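Below is one structure, written out as structure tokens, with a few remarks after it.
Treat the numbers as computed from the prediction; the structure is a model and nothing was measured. Counting starts at 1 for both ligands and their atoms, following the listed order.
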Amino acid sequence: MDALAIEQAVSMLRRAELVAFPTETVYGLGADATNAHAVARVFELKGRPSNNPLIVHVADIDQALALVSRWPATAEKLARRFWPGPLTLVLPRNDVIPDIVCAGGPTVAVRCPDHPVALELLRVFGSPLVGPSANKSGSVSSTTAEHVRTSFGDRVHVLDGGPCLRGIESTVVRVEGAHATILRPGVVTHEQIAEVTDVDTYEPVYAPDAAGAMPSPGMLRRHYAPATPTRLFDRTQRRAVLDRVETGENLIILSHGIDTEHGALIRMPRDAESYARELYAAMHRADDAGADAILIELPDAEGQVWSAIRDRLRRAAAG
Ligand code: TXA
Ligand code: MG
């Protein structure tokens, strides 16, 4: 990306305008994180509920330090090991960031993205950027500049950095003293985090607690969902699913296990990293096909990023 494109984006951000930018996970909808007015436009454009806080992107650890009231040794270890990279840390905040970013809560989510365009943008802007995924709230995230344009048309300036290499959103980890809790699984796995610190087994948090608060308000059951009704199946149902297509049902199938060539089939990779990278583009394609339903085979492999992939698939098919 040339310096001029970055300069142009930075001057738009300074005028409280929105700029979508590529990261290694998905495209982010960027705005000046210190400007409540700019951040309000992000909530409005995404149709995001105001109780769902935004991730703040930083150029380095120093920029993160300026936003938090505590930085436990665990945070330092995690940031040193995984930044720049797909790990978001939730920490007690100070008042540098306006309330609207954190949905009025006591914590802020910070992440340093591993993408040359995002890092250059952050460095030249010199201040943190909010960056929720660049899609309408609840729908499938954008992994190409084209997906962003389809979601928002010309209401957002897009920095095109090509397709995102990791493909699903960052792992969100709350850090409290020496303890870490995974609030959203992602491409940084539980096993990798456990090498650095004590970490809770991920339990999906779908419902508010008794006080009506949600540990991570973005963890709604239905999320990352195509507009077309989406259902999951397992390997024992492959034949039955193909039979339904052959008897004339208007379906689109996403499967990493079915080998037959078929117009209704989008073949997914068998390795987790490639599957994650291609998942959202496949969901967008499936949605555009005008089928009555999308049927996705739920991978049953263990380890790597498969559990994060299953989390996204279950949410896509929920409700
Ligand atoms: O990979 C990613 O994280 C992408 C790229 C663009 O960086 N961003 C992203 O942002 O996925 P978003 O806004 O779509 O998802 C942020 C998630 C939501 O589930 C939100 O509820 C949670 O992080 N979150 C943000 N701030 C939080 C906080 N203070 N406490 C708990 N959860 C928080
Ligand atoms: Mg999102």
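- The shortest distance between side-chain heavy atoms of Leu18 and Met12 does not fall below 4.5 Å.
- The side chain to side chain contact (heavy atoms under 4.5 Å, CB included) test applied to Ala301 returns Trp306, not counting sequence neighbours.
- Here the side chain of His284 pairs a donor or acceptor atom with the backbone of Ser141 at under 3.5 angstrom.
- The distance from ligand 1 to the heavy atoms of His57 drops below 4.0 Å at these ligand atoms: 5 (C), 6 (C), 7 (O).
- Asn94 and Ser69 are not linked by any side-chain donor-acceptor pair at a separation below 3.5 angstrom, with hydrogens and angles left out of the test.
- If you look at Lys46 next to ligand 1, there are no close heavy atoms at all, none under 4.0 Å.
- At a heavy-atom cutoff of 4.0 Å, ligand 1 is contacted by the side chain of Thr25 but not by its backbone.
- Using a non-hydrogen distance threshold of 4.0 Å, Glu24 does not register as a contact of ligand 1.
- Using a 4.0 Å cut-off to heavy atoms of Thr107, the atoms of ligand 1 that qualify are 28 (C), 29 (N), 30 (N).
- Between the side chains of Ser170 and Thr25, not a single donor N or O lies within less than 3.5 Å of an accepting N or O.
- In terms of modelled atom types and a separation under 3.5 Å, the side chain of Ser274 and the main chain of Arg270 share no donor-acceptor contact.
- Using a 4.0 Å cut-off between a side-chain N of Lys or Arg and a carboxylate O of Asp or Glu, Glu273 and Arg277 do not qualify as a salt bridge.
- The side chain to side chain donor-acceptor pair (under 3.5 Å) analysis of residues 116-129, with sequence neighbours excluded, yields no pairs.
- Put simply, the residue from His115, His57, Arg111 that forms a side chain to side chain donor-acceptor pair (under 3.5 Å) with Thr23 is Arg111.
- The Ser170 neighbourhood of ligand 1 comprises atoms 1 (O), 2 (C), 3 (O), with distances under 4.0 Å to a heavy atom of that residue.
- Listed by chain and number, the protein atoms of type N/O/S under 2.8 Å from the Mg ion (ligand 2) are Ser133 OG; waters are omitted.
- Considering backbone and side-chain N/O of Thr23, none are found under 3.5 Å from N/O of ligand 1.
- Short contacts between ligand 1 and Glu169, defined as distances under 4.0 Å to a heavy atom of the residue, involve ligand atoms 1 (O), 2 (C), 11 (O).
- The part of Arg111 lying near ligand 1 is the side chain, judged by heavy-atom distances below 4.0 Å.
- Looking at Arg231, Arg267, Arg235, Arg238 one by one, the single match for salt bridge (charged side-chain N to carboxylate O under 4.0 Å, His left out) with Glu297 turns out to be Arg238.
- Side-chain atoms of Ser133 and Ile55, non-hydrogen and from C-beta on, never get closer than 4.5 Å to each other.
- Under a 4.0 Å N-O distance rule, the pair Arg149/Glu146 qualifies as a salt bridge.
- Short contacts between ligand 1 and Ile55, defined as distances under 4.0 Å to a heavy atom of the residue, involve ligand atoms 3 (O), 8 (N), 9 (C), 10 (O), 16 (C), 23 (O).
- Residues in residues 2-16 take part in these side chain to side chain donor-acceptor pair (under 3.5 Å) pairs, two or more places apart or across chains: Arg15-Glu17.
- If you number the atoms of ligand 1 from 1 as listed, the ones under 4.0 Å from a heavy atom of Leu183 come out as 31 (C).
- The ligand atoms of ligand 1 that sit less than 4.0 angstrom from a heavy atom of Gly28 are 6 (C).
- Of the heavy atoms in Val26, both backbone and side-chain atoms come closer than 4.0 Å to ligand 1.
- Those atoms of ligand 1 with a heavy atom of Gly131 less than 4.0 angstrom away are 6 (C), 8 (N), 10 (O).
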